[in-house]
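Positions are given from 1, in the same order as the sequence printed here.
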Amino acid sequence: MSGTPFTTEGKAVIMERALASAAISILYQDASLAIIYAENLPPHFEKRFVAGGDDGSLFGETHGKSLVAMKQRVLETGASSNAEVDVTIDGEVRTFELKVQRTGDRSNYGLLSVISEVTESRHREKVLKSLLRELSHRSKNLLAIIQGIATQTARNTISLDAFLVKFRGRLQSLSNSQDLVTDSSWRGAFLFELAEKQFAPYWPETSGSMPIFGINAHLTPNAAVHLGLALHELIVNSASYGAIASGATSVTLNCREAKITGRRAIELAWVEILPNRDDVHEFSENSFGRTVLERVVPSSVNGKAELTLAPGRIEYHLTVPETEFEILKRS
């Protein structure tokens with residue numbers, strides 16, 4: 001190192017840092033940006049190192065040009081600077097950060113570059129940013145759903161007390177679905193688990209589990225939230241005016257394979273038998289529950305739905321396209 005523009009004290013400090021971390025490498029360059037010394041280079045760079053070479057020889061021509069421009073500014077201004085370069089090593093793109101500072105005096109300037117690999121930390125940052133964007137998107141969607149629930153519930157209730165009861169129930173339904181989605185790291189929810197969570201507050205404890213049959217499809221987050229709302233409206237209606245309200249538990253939920261516009265799908269079928277076989281259950285034409293079942297949910301999952309109110313029975317059939325579900329086995 002004799003004749004180089006770096007003090008013994010400065011080199012000692014830098015080398016102490018390099019020895020403390022195998023990920024840190026050191027480059028010394030003179031005022032012409034020729035590399036005159038390197039320490040602790042990774043194998044990939046060690047093979048490419050040539051005394052007197054330049055940044056292009058280590059990092060490739062493209063990165064070399066940008067690094068030369070940056071380092072010339074450091075030499076001219078004395079202001080330290082940072083840069084990152086992506087290098088393909090054994091087929092894998094790895095990221096390295098360079099922290100560059102000027103050393104020596106006016107008559108003998110040089111550059112010191114401390115190089116560290118930041119591949120993992122940059123990957124974590126990208127994942128975190130992606131998750132935050134997804135969270136923001138989903139939060140806006142949830143707020144829009146809540147706003148719609150509040151508006152439609154208010155339009156179809158005539159008293160504050162009635163509004164609060166219905167609104168709280170629908171918010172709880174939304175919360176139950178969202179809990180399942182969140183617990184799965186935003187991957188979605190299994191249909192049976194979603195149904196059980198929606199039915200639990202209203203299904204009679206003495207009647208055992210509600211009959212749920214067929215395919216336990218794994219729903220996307222979007223489908224889970226909206227199917228949760230549909231299941232909530234069906235079970236609340238039954239508990240308030242239908243079979244459960246009459247003391248019967250003649251309700252089944254079945255999921256089977258189907259087709260929609262020639263594509264693979266599932267059909268969710270709710271069948272409720274009323275104690276009075278001559279009774280025709282009436283939904284108000286303007287009720288939010290009917291709007292959810294016939295318009296909101298099928299539209300939100302790009303599917304189709306049919307609500308049938310026949311003598312002695314209530315049926316609801318919802319067809320969901322394959323873009324909104326997968327058929328998986330529980331782990």
Side-chain angles (χ1 to χ4, degrees), residues 135-183 186 188-189 191-207 209-210 212 219 221-251 253 268 270 272 274-275 279-301 305 307 309 314-316 318:
L135 179 60
S136 175
H137 174 70
R138 293 188 184 280
S139 296
K140 289 177 182 178
N141 284 347
L142 282 175
L143 289 174
I145 293 172
I146 291 170
Q147 184 179 32
I149 290 173
T151 301
Q152 294 297 329
T153 302
R155 286 177 180 173
N156 293 282
T157 52
I158 58 175
S159 70
L160 177 60
D161 288 343
F163 166 81
L164 290 175
V165 169
K166 291 182 179 180
F167 184 62
R168 286 170 180 163
R170 286 162 179 159
L171 277 189
Q172 186 60 54
S173 164
L174 190 63
S175 175
N176 289 340
S177 300
Q178 193 61 38
D179 283 345
L180 293 176
V181 171
T182 303
D183 289 344
W186 300 89
L191 172 61
F192 287 10
E193 188 174 358
L194 177 70
E196 289 162 1
K197 205 167 184 68
Q198 294 295 339
F199 297 156
Y202 306 97
W203 187 255
E205 293 183 2
T206 56
S207 300
S209 300
M210 179 178 164
I212 304 175
L219 307 170
N222 174 66
V225 168
H226 287 93
L227 264 66
L229 288 175
L231 294 172
H232 171 78
E233 294 301 328
L234 289 166
I235 194 70
V236 167
N237 181 74
S238 181
S240 302
Y241 311 107
I244 296 175
S246 301
T249 54
S250 48
V251 179
L253 183 69
L268 193 67
W270 167 283
E272 179 176 353
L274 303 176
D279 187 19
V280 177
H281 187 86
E282 292 291 343
F283 276 86
S284 167
E285 287 295 330
N286 295 319
S287 75
F288 180 53
R290 186 159 193 163
T291 300
V292 166
L293 296 171
E294 294 184 316
R295 292 168 49 192
V296 175
V297 172
S299 173
S300 298
V301 299
L307 177 65
L309 307 174
I314 299 170
E315 291 191 23
Y316 178 67
L318 173 67

Roughly how far, to the nearest 0.5 Å, is the [atom2] atom of [Y] from the [atom1] atom of [X]?
X      : Y      : atom1 : atom2 : answer
Gln147 : Ile149 : CD    : CD1   : 11.0 Å
Leu174 : Asp179 : CG    : CG    : 10.0 Å
Ser177 : Glu193 : OG    : CD    : 10.5 Å
Tyr241 : Ile314 : OH    : CD1   : 12.0 Å
Trp203 : Met210 : CH2   : CE    : 5.5 Å
Gln152 : Thr157 : CD    : OG1   : 11.0 Å

Using modelled atom types only, decide if a donor and an acceptor are shared between the side chain of [X] and the backbone of [Y] within a distance under 3.5 Å.
X      : Y      : result
Glu272 : Ala243 : yes
Ser175 : Leu171 : no
Tyr316 : Leu234 : no

Within the 4.5 Å heavy-atom criterion, are [X] and [Y] side-chain neighbours or not?
X      : Y      : value
Phe192 : Leu253 : no
Thr291 : Arg155 : no
Ile235 : Val251 : no

Can you give me every donor-acceptor pair (side chain of residues 163-170, partner residue at least two apart or in another chain, under 3.5 Å) with its distance?
unit_1	atom_1	unit_2	atom_2	d
Arg170	NE	Glu233	OE2	2.7
Arg170	NH1	Thr153	OG1	2.8
Arg170	NH2	Glu233	OE1	3.3

Nearest non-hydrogen partners of [X] and [Y], listed with the distance:
X      : Y      : answer
Ala195 : Leu231 : CA-CD1, 3.8 Å
Leu219 : Leu194 : CD1-CD2, 3.8 Å
Thr249 : Pro204 : CG2-CG, 4.0 Å

Residues, nucleotides or ligands: over 12 heavy atoms within 6.0 Å of Leu143 CG: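 Yes.
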What pairs of donor and acceptor atoms, side-chain ones from residues 221-230 against any protein atom, are under 3.5 angstrom apart with sequence neighbours left out?
unit_1	atom_1	unit_2	atom_2	d
Asn222	OD1	His226	ND1	3.3
Asn222	ND2	Ser300	O	2.9
Asn222	ND2	Glu324	OE2	3.4
His226	ND1	Asn222	O	3.0
His226	NE2	Ser300	OG	3.2

Arg290 and Leu309: CA distance, side-chain angles, deciding distance, side-chain contact (heavy atoms from CB on, under 4.5 Å) verdict: CA-CA 11 Å; Arg290 186 159 193 163; Leu309 307 174; 3.8 Å; yes
Verdict with supporting geometry, Gln198 and Asn176, side-chain contact (heavy atoms from CB on, under 4.5 Å): CA-CA 7 Å; Gln198 294 295 339; Asn176 289 340; 3.9 Å; yes
